[in-house]
Structure formats: C-alpha cells, structure tokens
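From a predicted model like this one, the values you see are computed outputs, not experimental measurements. Order of appearance sets the numbers: ligands from 1, and atoms from 1 within every ligand.
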Amino acid sequence: MTTTTIPTPQSHPSADGIWIGLRPAPGLCTADLPVPEGAATCVVVQGGTVQWVGPEDAWPAAWNALPRFDARGALATPGLVDCHTHLVYGGQRANEFAMRLAGATYEEVARAGGGIVSSVRATREASEDELFALALPRLQALLDEGVCAIEIKSGYGLALDHERKQLRVARRLGEALGVTVRTTFLGAHALPSEYAGRSQDYTDLVCKEMLPALAAEGLVDAVDVFCERIAFTLAETEQVFQAARALGIPVKLHAEQLSDMGGAALAARYGALSCDHIEHLSADGIAAMKAAGTVAVLLPGAYYTLRDTHLPPIAALREAGVPMAVSTDHNPGTSPALSLLLMANMACTLFRLTVPEALAGITTHAARALGLQDTHGLIASGRPANFVLWPFADAAELAYWFGHKPARTIVRQGRIVKGA
Ligand code: DI6
Ligand code: FE
C-alpha cells in the first residue's frame, strides 16, 4: 500500500559524471592528487562509486566521456551518518512530555508504567506495514537533510515476533529508500511487563532465543543493551555481550546515561563499536574506550529533552583522543528529533564541541560507530557515492543555522536524490 507512493531508488538520476567546483569541508575529503590551497576539487563518479578525487581539470583522461556536473563553489560534505536511532515504533509519547513539564522525571514516568513500556504496547499492536508507514516520513525527514547511512535499533518489541517485525521494517526502509541501514538488536532495552520480577529469565530469552533466531535471519548487524538502574544490570549486559560474541556480532551500549554503572569499561572489554549517551562516564571508562578504539556517541537531543544538567565529559574525551560522534537518538520518549544538523548545533552549543568536531561527529566518527569507516563518512575514491552540496560559504554554517533543511544537492548511493 504505502510502497506505491515512494519513488524507487532507481527512479532518481544517476550521479555518474564529473562533479566540478566543489569545496570539501576541511577534514572530510581525501584526494587522490593534492588539491592546491584555494583551488576547487573535482569528484569523478562512475558505477555509483567515487573513482577519483583531485584538483579541478586534472581528472584522468579515461573519464573524459562522462557528463559534467557544475557544483559552482558549493560546500561539499560526505553524506551524513545518523549512528543511533530508535526510528521504528508505534504511537508517540507527547503525554509524557506534558508529565515532565508538570515536574515528573524520566525515571518517575518509567516507574509509573509510561516510558519505553508504553511504546512497546503500541509497537506490538502495529502490523509490519503500519510500522513501515509510520517510520517512512521520519526517515524521509532525516534523508532530506543529507543523511546517507543510519542505524535503526529494535527494542520496542521485547518479544521475538515483535523484535523481528521492527528489524524487518528497518531493512525494508533501507531497500525502499536506497539508504544504508545498519540494524541493531536491542532486545535488552526494558523488561516487558510479562517478565516483571523475572529479569534473569528475560535476559536468558534475549540471549538464548531471540538473538540467535534474529541473527540467523540476517536481521542483526550489532547488539545493544540499555545498561542502567531502570533497565539492565552490568551482569545482564555482560551475558548479552557474551551471546553476541558467540555469534561474532559486534556490540555497542547505552552506557552511563543516568548513572555511572561501569558499562563503558565493560563494553570496551568486548571491543564495542560505541558507547552512547555517557553523561556519567568515568575516567576509567574513558581510558578503556580509548584502549579499545570505541567511539563515544553524544546524544544532545536526549540531554535537552530530559533537561539534563550533567554534561558528558567532553574535555576528557577530547584529551584522551576518543573519537566523538553525534546522533539524533531519535525515539518517542527522550529525543523526538528529526534533524541531525540540529544535533550538531546542540553538540556545539550545549556540549561545547568545536565545529570540526561536530562535523566529524555526524560523518567520519559516526561511520566508525557503525563499523562503516571504510565505506562511509568521507569523500574518497573507492567508496559508494554519498555526498551533499550545501549553499554555504563557511563549513561552520552547517552547525550554525538551525531549523531548516539547507542541502542543495544530495547524492545517495550513486543517485541524485535531491537537486541536480
Ligand atoms: N535511552 C534512550 O534515550 C532511549 N532508550 C534508551 O535506552 C529512550 C527510549 C524511550 O524512552 O522510549
Ligand atoms: Fe537510545
């Protein structure tokens, strides 16, 4: 039903050609031939892949027959990467927004039967097609801004069939819209009410039944846990990590969002791709993440929505050299955000990231947080053609403006999906 209204990825024009006159944002492009200071860059695309990057007018003659695209001095970035979302769910939770405005905390709302569990009810009631139709405009909003790769977590099903439904919708969204989707199984997001008081039984179910079954169906690119006093303990988290390791699936963690549970150090011991939220991250956690090469994913939308005041330890992460990514954490409870550029702005304004840090945070480091560092998050030859042209003189404008969708041209998976 819904699928008939979506243009297929192939219906967009091919981006194969020579893109002339680009000004790549500093640090987000690797050229095959050095581009002199102040000169424009040209990017050659063929077969949907970036074939060559270098100074304008210096492309190898072999590409001469390709069409030309004049980018007229546009600022260029790689396609944006949103590395932490809970995009597929039923219902919405505006009532909790009102409760919090009246003074309730997130933890109080959760303990009163709201929170994640209320989205679980709505998600279980929705069919796969309904979930697809609900998630589609959310994903489209992110894509319109230049997102070319996105992570989508399960975690609102909390039972095999319903987690499967969420992950299948995530895969279908990627195919329907022609965008790289990485799926993350977050069965250990909350304790479903039918397991109240039986947290170990539910953790066993996640590890022994849900994860193996969904992994066998090819639906799981990574495994995540909400390690928190209102969710899963450190021991339960480790049990899930062991199950993931046994299947050879990488892990990531919702760590130290509301309290310091020691989750980041545990995740680092399991070689986690990322630790996310990390407002209460300790010095030990930072050292462990640095040693393991784990990315710190900052989620200013959740910080803002919860009116949190405990800042993540940005200066210490920076000093340790831990790569920092920035993401929407799109979810119906704590971050109903549909703009990754707004998150970049908030990461600067609320968390004091520099502009280059925020831009790396929504591109190269976000790609690393998904294990996509070799294919996404950088304009470079050999990679699928994912890049965005912006009507900006200064790369800082990407984080400076907020509240509009400025992308002029979007090339996603080798197709010109916006502009020309
Ligand atoms: N941390 C979050 O910010 C989201 N999940 C999580 O583990 C919140 C999810 C929700 O409230 O629905
Ligand atoms: Fe989250």
Mind checking what makes salt bridge (Lys or Arg N to Asp or Glu O under 4.0 Å) contact with Lys153, not counting sequence neighbours?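 Scan of Lys153 (salt bridge (Lys or Arg N to Asp or Glu O under 4.0 Å), adjacent residues dropped) gives Glu151, Asp224.
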
Within the 4.5 Å heavy-atom criterion, are [X] and [Y] side-chain neighbours or not?
X: Leu131; Y: Lys165; value: yes
X: Arg93; Y: Asn95; value: yes
X: Ile152; Y: Arg182; value: no

Using the six-membered ring wherever Trp is involved, compare the ring planes of Phe392 and Trp390 and label them parallel, tilted or perpendicular (cut-offs 30° and 60°). parallel

For His254 and His277, take the angle between the two ring planes, folded into 0 to 90°, and tell me which bin it lands in: parallel under 30, tilted 30 to 60, perpendicular over 60.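 Aromatic pair His254/His277 classed tilted.
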
Proximal candidate to atom 7 (O) of ligand 1 [heavy atom criterion; set Phe232, Phe226, Tyr303]: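 Selected option, by shortest heavy-atom distance: Phe226.
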
Please work out which of His84, Arg93, Gln257, His189 has its closest non-hydrogen atom nearest to atom 5 (N) of ligand 1.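 Among His84, Arg93, Gln257, His189, the closest heavy atom to atom 5 (N) of ligand 1 belongs to His189.
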
Ser119-ligand 1 polar pair, N/O distance under 3.5 Å: no

Residue-level breakdown please: for Asp329 versus ligand 1, do any non-hydrogen atoms fall below 4.0 Å on the side chain, on the backbone, on both, or on neither?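 Looking at Asp329 and ligand 1, just side chain atoms fall under 4.0 Å.
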
Taking non-hydrogen atoms only, is Glu228 closer than 4.0 angstrom to ligand 1 via side chain, backbone, both or neither? neither

For ligand 1, which atoms have a heavy atom of [X] less than 4.0 angstrom away?
X: Tyr156; answer: 9 (C), 10 (C), 12 (O)
X: Asn331; answer: 3 (O), 4 (C), 8 (C), 9 (C), 10 (C), 11 (O), 12 (O)
X: His254; answer: 1 (N), 5 (N), 6 (C), 7 (O)

Are Gln166 and Thr123 linked by a side-chain donor-acceptor pair shorter than 3.5 Å?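 No donor-acceptor contact under 3.5 Å links the two side chains.
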
Below 4.0 Å from any atom of ligand 1, is there a heavy atom belonging to Tyr106?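 Yes, that is the case, since the closest heavy atom of the residue is under 4.0 Å from the ligand.
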
For side chain to side chain donor-acceptor pair (under 3.5 Å), just list the numbers for Ser282 and Glu256, CA-CA rounded to whole Å, side-chain angles, deciding distance to a tenth of an Å, and then say yes or no. CA-CA 9 Å; Ser282 68; Glu256 346 293 20; 5.7 Å; no

Using a cut-off of 2.8 Å, how many protein N, O or S atoms lie below it in distance from the Fe ion (ligand 2)?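 Count of protein N, O, S atoms less than 2.8 Å from the Fe ion (ligand 2): 4.
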
Any chance the rings of Tyr303 and Phe351 have centres within less than 6.0 Å? yes

Would Arg138 pass as a cation-pi partner of Tyr89, given that its NZ or CZ must be under 6.0 Å from the six-membered ring centre and within 45 degrees of the axis? yes

